[in-house]
Amino acid sequence: MAAVCHACGAPLNSARDDLSRNYCSGCCDAQGALRPRAEIQRGIAAWFQTWQPNLDERTALKRADLYMRAMPAWADRD
């Protein structure tokens with residue numbers, strides 16, 4: 001089983017130069033620290049809208065929130 005980002009679920013790949021063992025380069029800053037939840041939520045919502053073009057921003061953000069609650073980085077947070 002491939003390792004995935006604990007914040008967004010993207011595959012972790014050393015070829016991508018991921019800065020953290022648990023987070024992809026899109027979810028962590030240059031020091032490897034996790035970016036703010038709202039920033040990652042907006043990114044996931046935008047990704048949802050790329051393959052669901054009729055999805056409005058509010059619904060995309062809500063779905064991103066629900067998705068993130070299943071990810072280890074956010075599971076224990078509100």
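Values reported hereafter were calculated over all heavy atoms of this structure, with side chains retained and with hydrogens, waters and symmetry mates removed.
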(request) Enter the distance from D29:CG to E39:CD here, rounded to the nearest 0.5 Å. (result) 9.0 Å
(request) Indicate the atoms forming the closest heavy-atom contact of A73 with A7, along with that distance. (result) CB-CA, 3.8 Å
(request) Check whether F48 and I40 end up in the same hydrophobic cluster, where Ile, Leu, Val, Met, Phe, Trp and Tyr are linked by side-chain heavy atoms less than 4.5 Å apart. (result) yes
(request) Would you please name every residue forming a salt bridge (Lys or Arg N to Asp or Glu O under 4.0 Å) with R42, sequence neighbours left out? (result) none
(request) In sequence, state the C-alpha distance, the side-chain angles, and the governing distance for L34 and N22, and then conclude on side chain to side chain contact (heavy atoms under 4.5 Å, CB included). (result) CA-CA 9 Å; L34 186 60; N22 295 320; over 6 Å; no
(request) Quick one: closest heavy-atom pair of R35 and W74, and the distance? (result) O-CH2, 3.9 Å
(request) Sorted by first residue and then second, give each side chain to side chain donor-acceptor pair (under 3.5 Å) pair with at least one member in residues 46-57; sequence neighbours left out. (result) Q52-R63, D56-T59
(message) Please report the interatomic distance SG(C8) to OH(Y23), rounded to the nearest 0.5 Å.
(response) 11.0 Å
(request) Could you tell me which non-hydrogen atom of C5 sits nearest to which non-hydrogen atom of C24, and how far apart they are? (result) SG-N, 3.3 Å
(request) Supply the atom-to-atom distance Q41 CD to I44 CD1, rounded to the nearest 0.5 angstrom. (result) 7.5 Å
(request) Would you mind reporting whether H6 and L12 have side-chain heavy atoms less than 4.5 Å apart? (result) no
